[in-house]
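Everything on this sheet refers to the single structure shown next.
Numbering of ligands and ligand atoms starts at 1, following listing order. What you see is a predicted model, and the numbers here were worked out from it, not measured in a lab. Position 1 is the first residue of the sequence, and the numbers go up from there.
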Amino acid sequence: MADTIELYYESAYTKEFDAVVTGCNPVFDKKGDFFEITLDRTAFFPEQGGQSSDLGQLLFGDDKRAVVSHTAIDKDKVIKHISDCEIAVGEKVHGIIDWEHRFSNMQQHTGEHIFSGIVNSMFGYDNVGFHLSDQEVTMDYNGVLTAENIREIELKVNKAIWENIEVVCEFPDKEALEQIYYRSKKELTGDIRIVTIGDYDCCACCAPHVLRTGEVGILKVIGLQNYKKGVRVNILCGKRALEYICEENKIVGELSNMLTTSKDNILPAFKKNTDEIIKLKSELSAVREKLIEYEISNISPSLKDVFLVKDAGIDQNVMRKTVNALSEKHDGYCGFFSGDVKNGYRFIIASGRNKKSAKDLLTKLKEKCDVKGGGSDLMVQGSFSCENIDDVVKCLKE
Ligand SMILES: [Zn+2]
């Protein structure tokens, strides 16, 4: 099969082109049926180097339209356009790439170059993993960067964007290449395409880039985590960065309304609210404990088995203390259930003064419900779900 002319090397800005179909291979796959179409020339950049492919459409015949949902390149460098319909070999097509998607990829990708170039010159680390999908853009570096380092690099990258420097892509000859220091992820053979962005970066790369750094718009780092022996950095550029910032700004606005405070005051207001909730929870817990103490003091000591049922949120220590207090007064089983139908119930059951086996009662409970838990003859504890807790308690009393 003749090689496909790769129009994106001539210009990354070719949005539409004419071509002839050189192959159409039907594939019947578990995910669905599709056609792998090869062309004599294409502007569709295939998925490679961790970067998602171009999308778009191929127009042909009388108003017919094939949707290209993916572009792949195989080990023999054959570029396959994954199409939803068959197009005959020899047919002329008019290709239209999804420019918004492609331009966004060019923005993210060029932003990555500037970022990695600056990381390399400042810290000597290499970008050892790049991933550009519609969901995220990540770079892995073989050295550790702190949050402070990231802020400094981010500002430098954005300054390089504002300088609106030309992004130069060229294929230097072998002699010229030997004189250039360039970043590369692997040993390269054949013609090597070098992408230079002023003094910020020089890297071997075959993907489409913007013509000038200003088109990247903005680069925002949105994540940093330790990864292997270095770090993984999440970035967004251009419109994707703007959308992210808008979304965060919306959340901040909603928080500001909910807390009835200015945006500047959200953090202290949130901290104040959280402290207040912790204090109130503690007070509520103390009041509940008092109430339970009062309730059990009114239970007649002649009652043998005692089972208390309360809503969710009773502290495990309060449950245990209550069960212990009941066990001193009552001959039979003393149990405490806390929970609700939706979230299930936690329980502690003690053997009471006559030392009936709590494990025997657990066996009975397991016959009725799907119980997680265990314990000794003196005390068992665990959790289960049920539709009607009163039925369960009634069954335990029988
Ligand atoms: Zn590149």
Side-chain angles (χ1 to χ4, degrees), residues 6-15 42-55 71-73 77 79 97 99 101-121 125-134 136-142 153-154 156-158 160-161 163-172 176-177 180-221 232-241:
E6 294 162 282
L7 299 170
Y8 37 78
Y9 286 149
E10 291 167 21
S11 168
Y13 291 79
T14 304
K15 305 176 182 87
T42 188
F44 282 84
F45 184 73
E47 177 175 351
Q48 58 187 311
Q51 177 166 333
S52 68
S53 79
D54 279 333
L55 317 168
T71 315
I73 186 165
K77 304 275 179 201
I79 298 168
I97 65 170
W99 179 248
H101 182 262
R102 153 68 86 78
F103 185 66
S104 173
N105 273 6
M106 283 158 57
Q107 287 182 312
Q108 317 306 316
H109 183 101
T110 309
E112 179 274 323
H113 268 273
I114 306 170
F115 198 98
S116 294
I118 289 175
V119 168
N120 188 259
S121 60
Y125 303 155
D126 295 317
N127 177 353
V128 290
F130 177 56
H131 182 67
L132 196 184
S133 73
D134 295 346
E136 61 176 2
V137 187
T138 63
M139 292 97 76
D140 300 333
Y141 296 101
N142 56 357
I153 300 161
E154 185 183 64
K156 281 193 178 197
V157 174
N158 281 290
I161 291 170
E163 284 172 31
N164 201 24
I165 303 160
E166 190 182 0
V167 178
V168 180
C169 303
E170 54 196 354
F171 290 92
L177 198 62
I180 305 172
Y181 169 78
Y182 61 93
R183 297 189 299 113
S184 172
K185 286 203 191 79
K186 52 187 179 188
E187 278 304 314
L188 300 167
T189 52
D191 287 345
I192 294 173
R193 187 170 182 249
I194 297 293
V195 179
T196 309
I197 306 175
D199 295 331
Y200 293 106
D201 191 35
C202 185
C203 183
C205 182
C206 64
H209 308 81
V210 296
L211 214 51
R212 302 193 80 91
T213 58
E215 291 171 81
V216 175
I218 180 174
L219 180 144
K220 184 79 197 88
V221 176
R232 171 165 286 183
V233 180
N234 295 61
I235 60 161
L236 288 176
C237 296
K239 190 181 171 204
R240 282 168 77 170

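Residues forming a ring pair (Phe, Tyr, Trp, His ring centres under 6.0 Å) with Tyr141 (at least two apart in sequence, or on another chain): none. Residues forming a salt bridge (charged side-chain N to carboxylate O under 4.0 Å, His left out) with Lys15 (at least two apart in sequence, or on another chain): none.
Below 30°, between 30° and 60°, or above 60°: for His209 and His109 the angle between ring planes is above 60°, a perpendicular geometry.
Listing protein N, O or S atoms at distances below 2.8 Å from the Zn ion (ligand 1), with waters left out, gives His109 NE2, His113 NE2, Cys205 SG, His209 NE2.
Counting only residues at least two apart or in different chains, salt bridge (Lys or Arg N to Asp or Glu O under 4.0 Å) contacts with residues 194-208 comprise Arg183-Asp201.
Between the side chain of Thr110 and the main chain of Val210, a donor-acceptor pair closer than 3.5 Å is present. At least one donor-acceptor pair under 3.5 Å links the side chain of Glu215 to the backbone N or O of Arg212.
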